Colleague: 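One structure is given below, represented as structure tokens, and several questions about it will come after.
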Amino acid sequence: MTRLTIRRPDDWHLHLRDGAMLEGVLPHTAAHFGRAIVMPNLVPPVVTGAQAAAYRDRILAALPAGMAFQPLMVLYLTEDTDPEDVAAAHAAGIATSVKLYPAGATTNSASGVRDFDKVRPVLEKMAEIGMPLCVHGEVTNSDIDIFDREAVFIERVLHPIRKKVPDLRIVMEHVTTQDAVDYVRDNHRNLAATITTHHLIINRNHILAGGIRPHYYCLPVAKREIHRIALVEAATSGDERFFLGTDSAPHTDPNKLQACGCAGCFTAPNTLSCLAEVFEAAGLLRNLEAFTSRNGPKFYGLPVNSDTVTLVKGEPVTYPDRIETGAGPVTVFDPGFPLHWRVEA
Ligand code: NCD
Ligand code: ZN
């Protein structure tokens, strides 16, 4: 196969930032994706419906003329979030979902949740109105090893929430373990998971063996090879509960390359080329469209995009090592192998 036409993909977990960084990275997503679930971990976070509406306006204002892209906004859940504000933002079409960050789990998560019982009224309201919860699934306890934090989160936090609020629709985001894949497969009710591009490609050796590679450091951190293989199996299987959330998370090179560097891989420009390579290697290119374009809208109760993109296979396609933004240079994810599929203009 050398040509593949699929419904236009969506990105169900994306960081666009704000200001000059937003302007720099947005065109890379809008070039290929129809919609994206836009993460609310700005400083300060996007907590209220009014803040989400204002952020959506800033994103649309930063969109280059002639490009089509629909940002799907997310409210950052805090212990003070008002269930009525969430419901109103959902009813008005301003907010598509709510994001649960355990406090301290990742970049700009200080305002996240410490006591999960405090947010129970919000979760119950969301279950009632059918609004999904996006979950950063890692515990933050310093006594839990960073490579175990996702598995422990499932047992200590996710499973109890699902028992207490069974009608809540939950997306376990950027899953990185066999444990998470198994949990989603074994729990059919109201549960799905996103998988990033980079977690289909790197394992923890890529970060740590033969020298430290800050551009591969993201959260949740990449795990052992057996976990990467489980993620590839889940993503390429066509199973409708798994779909693409790139977690493309731009940080400038100075912020990545320092004694305590930021977490995040910037994959927006080359994600579709990378994914085509992964699915082709698995012999399952026919399931790429389900993962990038069909399963996500189905879970969110939205139509698939009406237009298509065509991927063409040929001589290796190159992407710039880094892009320049008004906020500084941002390094593009290096998959470590040649990419043969490009998106036809
Ligand atoms: C994200 C970011 O930089 O905002 N970083 C990351 O490594 N994925 C935060 C997140 O999604 O955890
Ligand atoms: Zn993220």
Side-chain angles (χ1 to χ4, degrees), residues 10-19 21-22 24-26 28-29 33 36-46 55 59 71-77 96-113 132-140 146-147 149-150 153 157 171-177 180 193-204 206-207 212-223 231 243-258 260-268 271 296 325 327-328 330-333:
D10 301 303
D11 186 346
W12 300 95
H13 179 129
L14 174 67
H15 298 269
L16 285 175
R17 317 301 190 200
D18 216 340
M21 181 65 92
L22 167 63
V25 300
L26 177 61
H28 294 277
T29 287
F33 294 88
I37 283 277
V38 180
M39 284 298 124
N41 63 332
L42 305 182
V43 188
V46 180
Y55 185 30
I59 294 167
L72 303 173
M73 307 312 292
V74 180
L75 303 178
Y76 185 121
L77 182 62
T96 300
S97 70
V98 171
K99 171 78 184 233
L100 168 64
Y101 288 102
T106 187
T107 313
N108 304 333
S109 60
S111 318
V113 177
L133 179 73
C134 295
V135 172
H136 183 109
E138 289 189 289
V139 292
T140 53
I146 190 167
F147 291 102
R149 287 180 181 187
E150 184 172 283
F153 180 88
V157 183
V171 183
M172 226 193 139
E173 300 193 282
H174 43 52
V175 294
T176 59
T177 56
T194 58
I195 301 177
T196 76
T197 306
H198 48 284
H199 287 116
L200 295 173
I201 294 172
I202 61 165
N203 63 35
R204 64 195 199 177
H206 291 85
I207 313 169
I212 190 156
R213 311 220 185 226
H215 293 299
Y216 290 144
Y217 172 62
C218 67
L219 289 171
V221 70
K223 310 295 192 297
L231 299 175
F243 42 88
L244 174 64
T246 65
D247 197 11
S248 181
H251 293 278
T252 63
D253 285 352
N255 284 334
K256 291 286 292 177
L257 308 175
Q258 56 174 317
C260 183
C262 293
C265 297
F266 178 58
T267 57
T271 273
T325 76
V330 177
T331 291
V332 176
F333 176 71

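Model, not experiment: these values are computed from the prediction. Both ligands and their constituent atoms are indexed starting at 1 by order of listing.
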Colleague: Which of the atoms in ligand 1, numbered in the order shown and given with their element, are less than 4.0 Å from a heavy-atom of Ala249?
Modeller: 1 (C), 2 (C), 3 (O), 5 (N)

Colleague: Counting non-hydrogen protein atoms only, what is the nearest one to atom 8 (N) of ligand 1? Give residue, atom name and distance.
Modeller: Asp247 OD2, 2.7 Å

Colleague: Measuring from the Zn ion (ligand 2), name the closest N, O or S atom belonging to Asp247.
Modeller: OD1

Colleague: Starting from atom 10 (C) of ligand 1, locate the nearest protein heavy atom and write down its residue, its atom name and how far away it is, to 0.1 Å.
Modeller: Thr106 OG1, 3.4 Å

Colleague: Any N/O/S of His136 under 2.8 Å from the Zn ion (ligand 2)?
Modeller: no

Colleague: Please tell me whether Glu173 and Thr194 have a donor and an acceptor in their side chains that are separated by less than 3.5 angstrom.
Modeller: no

Colleague: Check ligand 1 against His136 and write out every atom of the ligand that is under 4.0 Å from a heavy-atom position of the residue.
Modeller: 12 (O)

Colleague: Among all protein heavy atoms, pick out the one at the shortest distance from atom 7 (O) of ligand 1; state its residue, atom name and that distance to 0.1 Å.
Modeller: Leu219 N, 2.7 Å

Colleague: What I want to check is whether the side chains of Lys223 and Thr177 have a donor and an acceptor closer together than 3.5 Å.
Modeller: no

Colleague: Can you name the atoms of ligand 1, numbered from 1 with element, that are less than 4.0 Å from a heavy atom of His13?
Modeller: 11 (O)

Colleague: Going by distance only, is there an N or O of Ala263 that falls short of 3.5 Å from an N or O of ligand 1?
Modeller: yes

Colleague: Measuring to the Zn ion (ligand 2), does Glu173 have an N/O/S atom at a distance below 2.8 Å?
Modeller: no

Colleague: With the threshold set at under 4.0 angstrom, would you say Glu173 reaches ligand 1 through any of its heavy atoms?
Modeller: no

Colleague: Side chains of Thr267 and Thr196: does their closest heavy-atom pair fall under 4.5 Å?
Modeller: no

Colleague: Measuring only between side-chain heavy atoms, which start at C-beta, is Val38 closer than 4.5 Å to Val74?
Modeller: no

Colleague: Can you name the one residue among Cys262, Pro214, Cys260, Pro250 that meets side chain to side chain contact (heavy atoms under 4.5 Å, CB included) with Asn255?
Modeller: Cys262

Colleague: Between Lys99 and ligand 1, is there a nitrogen or oxygen pair with a distance under 3.5 Å?
Modeller: no

Colleague: N/O of Cys218 under 3.5 Å from N/O of ligand 1, yes or no?
Modeller: no

Colleague: Any atom of ligand 1 sitting under 4.0 Å from a heavy atom of His251?
Modeller: yes

Colleague: State, with a plain yes or no, whether a side-chain heavy atom of Val330 is found less than 4.5 Å away from one of Met21.
Modeller: yes

Colleague: Got Phe147 and Pro220 here, is their nearest side-chain heavy-atom distance under 4.5 Å?
Modeller: no

Colleague: List for me each residue that meets ring pair (Phe, Tyr, Trp, His ring centres under 6.0 Å) alongside His15, sequence neighbours excluded, and say none if there are none.
Modeller: His13

Colleague: Under 4.0 angstrom from ligand 1, any heavy atom of Glu138?
Modeller: no

Colleague: Is His15 close enough to the Zn ion (ligand 2) that one of its N, O or S atoms comes in under 2.8 Å?
Modeller: yes

Colleague: Do any N/O atoms on Arg17 end up under 3.5 angstrom from N/O atoms on ligand 1?
Modeller: yes

Colleague: Among all protein heavy atoms, pick the one closest to atom 1 (C) of ligand 1 and tell me residue, atom and distance.
Modeller: His15 NE2, 3.6 Å

Colleague: Quick one: does His251's side chain have a donor or acceptor within less than 3.5 Å of a partner on Ala263's backbone?
Modeller: yes

Colleague: Taking C-beta and beyond as the side chain, do Ile212 and Tyr217 meet within less than 4.5 Å on heavy atoms?
Modeller: no

Colleague: Would Thr271 and Thr246 satisfy side chain to side chain donor-acceptor pair (under 3.5 Å), going step by step from the backbone distance to the final call?
Modeller: CA-CA 8 Å; Thr271 273; Thr246 65; 5.1 Å; no

